[in-house]
Novice: 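Handing you this structure, nothing more for now.
So that the names make sense, note that chain A is the first sequence line, chain B the second, and so on, each numbered from 1. FYI, side chains are in, hydrogens and waters are out, and symmetry mates aren't considered; it's all heavy atoms of this structure.
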Protein chains: 2
Amino acid sequence: MTNSTGASESQPAAPVRRSREEQRAATRGRLLEAAGEVFAERGFYGASVEEITERAGFTRGAFYSNFETKADLFLAVLDAHIERDRQLVTDVLARDPSANAFFELLKQRSAGVRESGETQRWALLWAEFWLHVMRNPELAPKLAERQAGVRAGIAEMVERQCATFGITLPLPAEHLAAVMLAVDDGLRLQESLDPTSVPSDLRARMIMVLFQGLAASSRR
Amino acid sequence: MTNSTGASESQPAAPVRRSREEQRAATRGRLLEAAGEVFAERGFYGASVEEITERAGFTRGAFYSNFETKADLFLAVLDAHIERDRQLVTDVLARDPSANAFFELLKQRSAGVRESGETQRWALLWAEFWLHVMRNPELAPKLAERQAGVRAGIAEMVERQCATFGITLPLPAEHLAAVMLAVDDGLRLQESLDPTSVPSDLRARMIMVLFQGLAASSRR
DNA sequence: GTCTATATAAAGATAGAC
DNA sequence: GTCTATCTTTATATAGAC
């Protein structure tokens with residue numbers, strides 16, 4: 001904690017100092033990545049600090065100089081994922097004004113493309129975080145904000161698509177987005193237990209049925 | 001393990017023997033109930049055998065004479081819930097030929113009736129079981145079978161309702177049931193993090209939109 | 001900043017008394 | 001069949017060397 005230099009943090013620093021910060025960030029990054037894997041594989045309690053640090057190529061000592069506790073690390077992993085997702089949503093929105101990529105994504109998923117290992121890992125992590133939040137309600141806003149971001153992204157896509165096809169929605173796009181997100185999450189839960197329970201084209205067909213119903217509603 | 005009587009299990013036994021079996025069943029039941037609560041509150045790892053047995057009014061000794069390990073108890077809790085749900089589905093189907101109770105249930109939920117403590121507990125338990133199954137794939141069929149039962153129950157209700165209104169489904173009722181179950185589960189996940197994110201009448205409205213779309217499809 | 005060694009605590013499981 | 005006492009393992013977290 002003793003810092004002999006009085007330099008402010010925002011000021012560009014001497015090479016030696018920047019190198020140390022980079023090193024620290026690199027260590028943190030490796031620990032965060034390893035933690036994400038082990039937490040997904042074993043759960044919050046099942047994951048031991050030792051296994052995490054070993055997988056990152058360190059020992060426990062290195063860990064405790066970068067994080068306070070295991071719970072601290074757990075929340076840091078969550079924050080990293082939230083930031084990553086937030087960036088991803090805004091990127092897609094900026095790069096795809098016609099909202100085609102969104103429906104392309106849905107079609108791919110509907111076509112039965114098996115989830116990548118990373119997607120599966122994130123599903124496990126998300127369940128861990130959700131349980132953690134349910135038991136620590138003061139953390140709910142953090143996870144809720146991420147979910148709201150995803151929902152808003154979908155809503156924006158839906159609005160663009162509706163504009164393209166001249167559909168007037170009989171309800172706020174945010175609410176429709178909530179349903180579409182729910183269908184995707186809910187079907188994935190069922191698929192995870194039995195892949196044959198959800199036919200590969202069900203998402204695409206349901207989206208179509210949904211929009212047909214909406215069009216029928218708006219024509220009244 | 002030494003059993004001095006050679007009587008078969010199905011045969012009515014002497015009072016003293018039946019009493020012991022009842023006592024054993026009662027102990028098991030209390031342990032199972034307490035385990036369900038503690039597993040929901042703290043998770044599989046977070047729950048200690050001591051807290052479970054204490055809540056049931058016993059000590060660890062009583063537990064280890066009824067169950068092999070903590071994991072054994074965990075699976076027994078799951079089995080009890082599966083059996084309970086199976087019974088519930090068949091009961092509803094038998095007692096409600098017109099499928100009104102099912103939609104009444106949906107309407108109640110849509111009307112913003114807050115989940116009971118038991119429902120919330122079951123959601124937590126279900127997440128715990130799901131994670132456990134994801135990490136022990138050989139157990140997947142057990143949970144998948146329960147899910148298939150719920151889905152089949154919904155499908156049966158949908159078919160009855162369609163028969164009543166003369167709707168010809170453009171897809172198997174099981175697939176529509178999967179979507180309806182997905183919407184319910186998915187929306188509950190969103191509600192659990194932020195109750196304001198899902199308006200209270202969204203489920204009911206979506207069901208209507210869905211059936212309007214289906215009717216439009218079937219008229220072609 | 002990272003490692004080795006260690007203190008401390010908690011929990012799963014067992015043995016034997018009653 | 002249940003309880004008390006105990007064994008053993010494992011994991012978090014810390015202290016001090018380098």
Novice: Contact list please: residues 29-37 of chain B against DNA chain D, heavy atoms, distance less than 4.0 Å, in numerical order.
Specialist: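 Correct list: empty, so none.
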Novice: Give a yes or no answer on whether the side chain of Arg95(A) reaches the backbone of Thr90(A) with a donor-acceptor pair at less than 3.5 Å.
Specialist: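 Such a contact is absent between Arg95(A) side chain and Thr90(A) backbone.
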Novice: For each nucleotide in nucleotides 2-12 of chain D, reading 5' to 3', give B when a protein heavy atom comes within less than 4.0 Å of its base, S when such contact involves only the sugar-phosphate, and - otherwise.
Specialist: BBB-------B
Novice: Name all residues meeting the ring pair (Phe, Tyr, Trp, His ring centres under 6.0 Å) criterion together with His132(B); count only those two or more places apart in sequence or in a different chain, and write none if there are none.
Specialist: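 Testing His132(B) for ring pair (Phe, Tyr, Trp, His ring centres under 6.0 Å), a comparison that skips the adjacent residues, returns Phe44(B), Phe74(B).
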Novice: Does the distance from a Lys or Arg side-chain N to an Asp or Glu carboxylate O, for Arg60(A) and Glu54(A), drop under 4.0 Å?
Specialist: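 A salt bridge is absent here (no side-chain N lies under 4.0 Å from a carboxylate O).
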Novice: I'd like to know if Arg55(A) and Glu37(A) make a salt bridge, using a cut-off of under 4.0 Å between side-chain N and carboxylate O.
Specialist: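 Yes, this pair counts.
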Novice: Would you confirm whether Arg203(B), through its side chain, and Leu187(B), through its main-chain N or O, come within 3.5 Å as a donor-acceptor pair?
Specialist: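 Not a single qualifying donor-acceptor pair exists.
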Novice: Count the heavy atoms of every other residue, nucleotide or ligand shown that sit under 6.0 Å from CD of Glu83(B), and state whether that count exceeds 12.
Specialist: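 Correct, the count exceeds 12.
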Novice: Return yes if some donor-acceptor pair links the side-chain N/O of Asp72(B) with the main-chain N/O of Glu68(B) below 3.5 Å, else return no.
Specialist: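 Between the backbone of Glu68(B) and the side chain of Asp72(B) there is a qualifying donor-acceptor contact (under 3.5 Å).
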Novice: Can you measure Leu73(B) atom CG to dA11(C) atom C1' for me and round it to whole angstrom units?
Specialist: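 Rounded to the whole Å, the gap is 15 Å.
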Novice: Strictly distance-based, threshold 3.5 Å: is any side-chain N or O of Gln190(A) a donor or acceptor partner for the main-chain N or O of Ser197(A)?
Specialist: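 Not confirmed, Gln190(A) side chain does not pair with Ser197(A) backbone.
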Novice: Provide, to the nearest angstrom, the distance between the CG atom belonging to Asp72(A) and the C1' atom belonging to dA13(D).
Specialist: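 Result: 14 Å.
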